[in-house]
Structure formats: C-alpha cells, structure tokens
Amino acid sequence: MKLILAIVNSEDAPVVLSELTGNGFIVTKLSTSGGFLRAGNVTMFLGVEEDRVQAALDIIKEFSSQRKESVPISSGYMGDAMLSLPVEVTVGGATVFILDVEQFYKL
C-alpha cells in the first residue's frame with residue numbers, strides 16, 4: 001500500500017478530484033496555500049494499492065496543467081512610491097509524494 005500526497009493548484013483541483021473519484025480512488029482533500037506566491041492549493045491524500053499507483057499518477061498529470069502568469073513583485077522605493085514590476089512565473093501542475101504505508105486501517 002502507498003500513500004500519495006498530491007499538491008494541486010486550486011484551479012485544477014476540482015477536475016483532478018472528480019477524475020480520481022470517478023476512477024475508484026478514495027481521496028481526502030485539504031485546502032492549503034503555497035509559500036512563494038501564497039496561491040491556493042489543494043493537498044490530496046490517497047491510499048492506493050501498489051498496482052494502481054501509476055493510474056493515479058497518470059490522472060494527476062493529465063489534469064494538472066502548468067501555465068504562465070504575471071505576478072507583481074516589489075522592486076523597491078522611488079521617493080514615496082513603491083515600484084512593482086510584473087514577473088512571469090510558472091504556476092499549476094502538481095507536486096506528488098509517494099510514501100510506503102506500513103499499516104492501514106479504515107475504522
């Protein structure tokens with residue numbers, strides 16, 4: 001048994017969650033936020049038999065898209081005004097951790 005922790009962008013999460021549950025995976029989700037952009041994420045927990053790990057990864061990969069966004073960052077002060085310049089960053093996609101599960105109970 002494996003535990004999959006998938007951190008998915010909030011925009012992608014509803015489709016990823018729907019596809020996973022539609023394919024028989026039981027998913028627990030938590031709303032989380034990232035550190036750099038402070039953007040909303042959803043962290044999904046899946047207990048998965050080893051022979052179904054790749055199927056779960058394929059769904060997460062297919063429905064978690066990376067995209068470019070312009071994000072304003074502070075570049076400093078000019079007199080009394082603070083300058084803010086847009087920077088293009090990649091958002092979306094998924095970060096996935098797969099952990100071995102020694103024991104599993106559904107109580």
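Note that the structure is a prediction, hence the values are computed from the model and not measured. Computed over heavy atoms, backbone and side chain alike; hydrogens, waters and symmetry mates excluded.
- For Lys29, the NZ atom counts as loosely surrounded, since its 6.0 Å shell holds 12 or fewer non-hydrogen atoms of other residues, nucleotides or ligands.
- Scanning for side chain to side chain contact (heavy atoms under 4.5 Å, CB included) contacts around Ser18 gives an empty result, with sequence neighbours left out.
- Both Val42 and Phe25 belong to a single network of hydrophobic side chains, linked directly or stepwise wherever heavy atoms of I, L, V, M, F, W or Y lie under 4.5 Å apart.
- Under the 4.5 Å side-chain criterion, counting only non-hydrogen atoms from C-beta, Met1 is not in contact with Glu50.
- Partners of Leu57 under the side chain to side chain contact (heavy atoms under 4.5 Å, CB included) rule, at least two apart in sequence or in another chain, are Val53, Gln54, Val96, Ile98.
- When hydrophobic clusters are built by joining Ile, Leu, Val, Met, Phe, Trp and Tyr residues whose side-chain heavy atoms come closer than 4.5 Å, directly or via intermediates, Leu46 is not grouped with Val101.
- Between Leu20 and Phe63 the shortest side-chain heavy-atom distance does not fall below 4.5 Å.
- Hydrophobic clustering (ILVMFWY, side-chain heavy atoms < 4.5 Å, transitive): Leu5 and Ile60 are in distinct clusters.
- Remark: side-chain polar atoms of Ser10 are paired, donor with acceptor, to backbone N or O of Asn41 under 3.5 angstrom.
- Both Leu3 and Leu30 are assigned to one and the same hydrophobic cluster, defined by single-linkage of ILVMFWY side chains at heavy-atom distances under 4.5 Å.
- Taking the side chain as every heavy atom from C-beta outward, Met44 and Val16 approach each other to under 4.5 Å.
- The hydrophobic clustering, which links ILVMFWY residues whose side-chain heavy atoms are closer than 4.5 Å, places Phe104 and Ile26 apart.
- For Asp12 against Gly93, the heavy-atom pair with the smallest separation is OD2-N, 3.9 Å.
- Note that CD of Glu102 and CG of Asp100 are 9.5 Å apart. Values are rounded to the nearest 0.5 Å.
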